[in-house]
Amino acid sequence: MGLLSKKEAGLVLDPLADNNPITIQVLGICSALAITAELKASIVMAVSVMFVLAMGNVVISLMRNIIPSKIRIIVQLVVVATLVIIVDQVLRAFAYELSKTLSVFVGLIITNCIIMGRFEAFALANGPWRSFLDGIGNSLGYGIILVIIGFFRELLGSGTLLGFKVLGDPIAKTGLYSFGYENNGFMIIPPAALIVVGIIIWVQRSRNPSLVEEN
Amino acid sequence: MAINTDKNVYTVVFAAVMVVIVGSVLALTASGLSDKIQENEKFEKQQNILYAMGVNGNVDEGSVNFIPANEVESEFTNYIKKQLVIEGDKVTEDSNAYLIDMKKQMSIASSGGTPKLPLFVGEKDNNKFYIIPMYGKGLWDAIWGFIAVDENMVVQGVYFDHKGETPGLGANIKQRYFMDDFTGESIMAGTRYKGINVAKGNNDPLNDRKDDNAVDALAGATITGNGVSAMISQTVNLYKGYLKTIRVK
């Protein structure tokens, strides 16, 4: 990866698998449950978090030497909230349709534990470029899991992907439905996301036993 | 020079400076963009009203398509013949009636006052449409929309929207398969202004029965669905004084 040193590449790639924020650190679970009933929402959320986390990491990293440690959590919150509000306003002015899709997620981005977690654990101790890479890596790791969950929940729960009826029409009984297949309504409620996350964690740890914690 | 960031004075000064900077950045962004945002909101309202009366860019059964934002202003004056404001028994015309905030009017109505109720008279292919704005409460936040009826009080089209219903569940009230079901339903039950119920288990998933004042509910979105029912019946109730004057059958 000519552009990045090995260590820098690791910042981006590690969170994708062996240090994944959702499946290994178990952060950001709340939004992974709430918005993954359809694939599109998962993708939109992943992109939004990527923007806020990468930008926020850079801002916090630039300020890391002047932030008073007593109020650093509040400072971090203010940075996230400001970024999110600015993004929301700009979208509402120039990409109104997109901003309507995003509206639900704005509040969820501010409360996403991954963002605070990365500010606290990484940006406060590292330079802007590395913080930026860390932000990109972690939001990608977050996004991958979201997309996987969204894919299965939308496919099995609604029989669609990104709104397209890939399995046929459930009411007119075409495609797969003509053989008596039914959508699983359980998949569109939040507990199903927890089960899908559980399965992902299981698969990941059985492939790489070193990830299993010893008690 | 290293700064001692642990001192109380420094902490307070830092917080104060940060608040001023963040505050001005946000204020600047908000005031700089507010014109553009308001314009977008205005166009959106016009698009929604036209959508309810069937003026839209829908091509197939899958997706909701409005007429483009850059054409909506001229199309709006084309199709909407009259904009009325109903205040008690008084009916006046007002070309800015579509900007009336329904949320405010609904709260005036529920506290016993006389609200200013906008109603739009549209005309397409020699058919008249009476388009009524609605405002109500879903599971998490506000829901709103428009319902277009003809002189027989048969629904010709609806549009719903929401602020923060659950994606994949309640948020689907703005999907075609939900909204299209309302078309053809009557808001009358006999001579009573009843509205339309979002009913679970009405054994009519294809919505073939158009005389039952009910459409099939969305799975997993009971409270949003109930909110839609309540919103429609509330609105019909508020407007029935005027609707009586135009009803033919």
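Just so it is clear: chains get the letters A, B, ... in the order the sequence lines come, proteins before strands, and each one is counted from 1. Excluded from the calculations below are hydrogen atoms, water molecules and symmetry mates; all remaining heavy atoms, backbone and side chain alike, are included.
- By the 6.0 Å contact criterion, CZ on Phe132(A) is open, its count of non-hydrogen atoms from other residues, nucleotides or ligands being 12 or less.
- Among Ile74(A), Ile67(A), Ile189(A), the residue with the largest count of heavy-atom pairs under 4.5 Å with chain B is Ile67(A).
- Atom OH of Tyr181(A) sits in a crowded spot, with more than 12 heavy atoms from other residues, nucleotides or ligands closer than 6.0 Å.
- Looking at every heavy atom in both residues, Ala15(B) comes nearest to Ile71(A) through CB-CD1, 4.1 Å.
- Annotation for Lys7(B) and Lys70(A): closest pair C-NZ, 4.4 Å, computed over non-hydrogen atoms.
- Here the closest heavy-atom approach between residue Thr11(B) and residue Pro68(A) is recorded as OG1-CB, 3.7 Å.
- The environment of Leu162(A) atom CG is dense: over 12 non-hydrogen atoms of other residues, nucleotides or ligands sit within 6.0 angstrom.
- Heavy atoms of other residues, nucleotides or ligands lying less than 6.0 angstrom from NZ of Lys210(B) number more than 12.
- In terms of heavy atoms, Val78(A) sits closest to Met18(B) at CG2-CE, 4.0 Å.
- Only the side chain of Val25(B) comes within contact range of chain A, judged by heavy atoms closer than 4.5 Å.
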Residue pair Ile37(B), Gln89(A): steps toward the side-chain contact (heavy atoms from CB on, under 4.5 Å) verdict: CA-CA 8 Å; Ile37(B) 293 174; Gln89(A) 293 274 326; 3.5 Å; yes

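- The CG atom of Leu33(B) sits 10.5 Å away from the CG atom of Leu91(A) when rounded to the nearest 0.5 Å.
- Nearest heavy-atom pair, Val75(A) versus Phe14(B), reported as atom, atom and distance to 0.1 Å: CG2-CE2, 3.6 Å.
- Heavy atoms closer than 4.5 Å to chain A are found in both the backbone and the side chain of Glu41(B).
- Neither the backbone nor the side chain of Asp35(B) comes within less than 4.5 Å of any heavy atom in chain A.
- For Ser69(A), the parts lying near chain B are the backbone and the side chain together; criterion is any non-hydrogen pair under 4.5 Å.
- Ranked by heavy-atom pairs shorter than 4.5 Å toward chain A, the options Asn8(B), Asn40(B), Thr29(B) are led by Asn40(B).
- With a 6.0 Å radius and a threshold of 12 heavy atoms from other residues, nucleotides or ligands, Lys174(B) has its NZ atom above the threshold.
- Within 6.0 Å of atom CZ in Phe152(A), 12 or fewer heavy atoms from other residues, nucleotides or ligands are found, so the atom counts as exposed in its surroundings.
- No more than 12 heavy atoms of other residues, nucleotides or ligands sit less than 6.0 Å from atom CD1 of Ile223(B).
- Note on Glu44(B), Glu39(B), Gln38(B): by heavy-atom pairs under 4.5 Å with chain A, the leading option is Glu44(B).
- When heavy atoms are compared at a cutoff of 4.5 Å, Val79(A) does not approach chain B at all.
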